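See structure below.
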Number of protein chains: 2
Amino acid sequence: MKVTLDDIARMANVSKATVSRVLNHSTSGVGEETRRRVQAVIDELEYRPNLLARGISISKTKTLGVIVPDISNPFFATLVQQIESYAFEKKYTVLVCTTDNLPEKEERCIAVMITKHVDGVILASAVSEQIEGHLRFQKYGIPCVMVDRKIQTQSELSGGVYVDNEYAFFLATEQLIQSGNHKIAFLSGPVGAATSKERIEGYHYALQAHKIEALPQLMCIGKHSIQSGYNCVMRMHQDQIPFTAVLASSDVIALGAVQALKELGIRIPEEVEVIGFDNIEFGALLDPPLTTIEQPIAELARRSVAMLLELISNIVLKEKNIRLEPKLIYRKTTKTRY
Amino acid sequence: MKVTLDDIARMANVSKATVSRVLNHSTSGVGEETRRRVQAVIDELEYRPNLLARGISISKTKTLGVIVPDISNPFFATLVQQIESYAFEKKYTVLVCTTDNLPEKEERCIAVMITKHVDGVILASAVSEQIEGHLRFQKYGIPCVMVDRKIQTQSELSGGVYVDNEYAFFLATEQLIQSGNHKIAFLSGPVGAATSKERIEGYHYALQAHKIEALPQLMCIGKHSIQSGYNCVMRMHQDQIPFTAVLASSDVIALGAVQALKELGIRIPEEVEVIGFDNIEFGALLDPPLTTIEQPIAELARRSVAMLLELISNIVLKEKNIRLEPKLIYRKTTKTRY
DNA sequence: TTGTACGCGTTATCAG
DNA sequence: CTGATAACGCGTACAA
């Protein structure tokens, strides 16, 4: 049933070594005639090398691990899509694992990646500090690039690709302030994540710069989901907390917030302005279309795959941390453009 | 650096076989005392078995292949998310590959799954006929369950989980007809896919049943994307083709169609009614909220993983093809509910 | 209960 | 240019 290298060797009257040669170093080392004979047998039997066996032999699996919190979030869906696409071009396959933003599940994902001997992993971590698992990658010599969510690490085997969250939210907050808003609600994702912290800091810096007090009741910690954004706005409304703007930590949160505002009969942007983050495709279809901060997802994916492959090839990185520029996309959930 | 079973054996003064025993048949076959000693060494050295080596040895990789057209489509994103989740619970990891709806890329994805020796694959095929690759699964003894997109096959090693597309579109079309529409534009996905064909047929049957002619100019073949839905409507409008309803082959197409109609100043549902398919989360946030046909994604995922695991365990399937009931979700892009 | 020896499919080293 | 042969890490008859 399964045809192996051994079978080919036997049928072609050569040794396994020779077959292996025509398979790999396809340009040299084998006589033209024998090469043809071997290749013929390979073709006829439709032989495909067992990558597991090859993996155990040369310690390279041509597999990349991808660890993200949640694929159903369009941001990560698109990210994974792009990563898979670039990786496939480079002859790599991706092993996907989701953490649901749970640190303990992240540890288990990491454990899987190690036992399955992926050549490297791209990680959007659920946590902001280096955890045991991350060190284990080092220990096992598995390169790791942090994408989207930055984590401090001094490992030679790791790097990072992300946008400057702090700056992005500083800009967005400032836009809102310049537009006359002093009570800006902030709808955050899980605080465990590095991105959440950075985004909150950017928001705080902007407030400070304009000598506006950061009111704790304007901060809502939730998840990156529509439901969460919806709940935050509803709760603030119930608690009668006044605000004239909403800054959301992700577009899905913003979508939920907009939905809640609509149900409450609050006009956007006249009564409340809204800014999201990610620039997912659906934001533009909303009514009114969502003003947001763009994350260059394709670029994020491309650069992280490229960096990981360099790490795998032991190429020294020109820059261990690539920071991409965020960009404000002005649509209709904000009034004037500052 | 890397600690192997051999190392453990040496340190614990036992043979590899014994270590292997405490690792696998964890309940019996080893003396209580030696078991403790071996386990202690395993824990201390944080030994993790090499799943590649195990894979080549027992021909089981604990890996499931997942082949879908496009993860950035929310329907597939959610599907993959759920599949990964169920698989992870059952100690399996997923190898993801996207076909972009290209038959040749599907062949390459299949080839990868075979060389990487996945234990089984879940496939949402880009094609409606059995292609060479599908047969190869059979040849290599790899179980395969078709999800969402049905393909006829008589292999003992395959099954299918899907909703009744034909019936779903028959219902939706009838709803539109009963509501007074005779010129119903149909916005299809790629015709290669089985689902597209079935959906078109359901649409045609309903028209026939009501003796309405199926006008070719009302049929627009595109891709499952927002852009495609948008383009279809715009083109029909430019060509001055009259229609009073739009039936879309997927929600993303419907979203694009609604966007186009809005830009054209056509009121929904007063002038044109719209029905989508999938019931993705964003449909409900649209203005007006999208009437659609629900696909029970979580159920689709759960059943297909369960079926695949049964196939892998050589359990005979109670039913080779599981058909889930689609359900019309009435929202605001349609007028009266029939 | 425990150990020995071999097989799984591939690559790599070293002869010839 | 080609062929033995030894790894790679693990599971498992079979023997002790």
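Keep in mind that the numbers below use all heavy atoms, side chains included, and drop hydrogens, waters and symmetry copies. Residue numbers start from 1 in every chain, and the chains themselves are labelled A, B, ... in the order their sequence lines are given, proteins ahead of strands. Bear in mind the structure is a predicted one, so any value in this text is a computation, not a measurement.
- Distance check: B:Lys60 NZ to B:Asp119 CG gives 5.0 Å after rounding to the nearest 0.5 Å.
- Note on B:Asn13: only backbone sugar-phosphate atoms sit closer than 4.0 angstrom, heavy atoms only; bases stay farther off.
- The distance between atom CD of B:Glu32 and atom P of C:dT2, rounded to the nearest whole Å, is 10 Å.
- Among the heavy atoms of the strands, none lies under 4.0 Å from A:Ser59.
- Taking OG of B:Ser304 as the reference point, atom CG of B:Leu64 lies at 9.5 Å (rounded to 0.5 Å).
- One finds no side-chain N or O of B:Thr18 lying less than 4.0 angstrom from the OP1 or OP2 phosphate oxygen of C:dT2.
- Between the side chains of B:His134 and B:Glu129, no donor-acceptor pair is found at a separation under 3.5 Å.
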Generate the contact string for nucleotides 5-16 of chain C. Rules: B means base contact, S means sugar-phosphate contact only, - means no protein heavy atom under 4.0 Å.
--BBBBSB----

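- Rounded to an integer number of Å, the gap from B:Arg10 CZ to D:dG9 C1' is 12 Å.
- A donor-acceptor contact under 3.5 angstrom links the side chains of B:Ser72 and B:Asp70, judged on distance only.
- Atom CD in B:Glu132 sits 7.5 Å away from atom CG in B:Leu135 (nearest 0.5 Å).
- Partner of B:Lys116 under the side-chain hydrogen bond (donor to acceptor under 3.5 Å, both in side chains) criterion, chosen from A:Asn50, A:Thr61, A:Thr63: A:Thr63.
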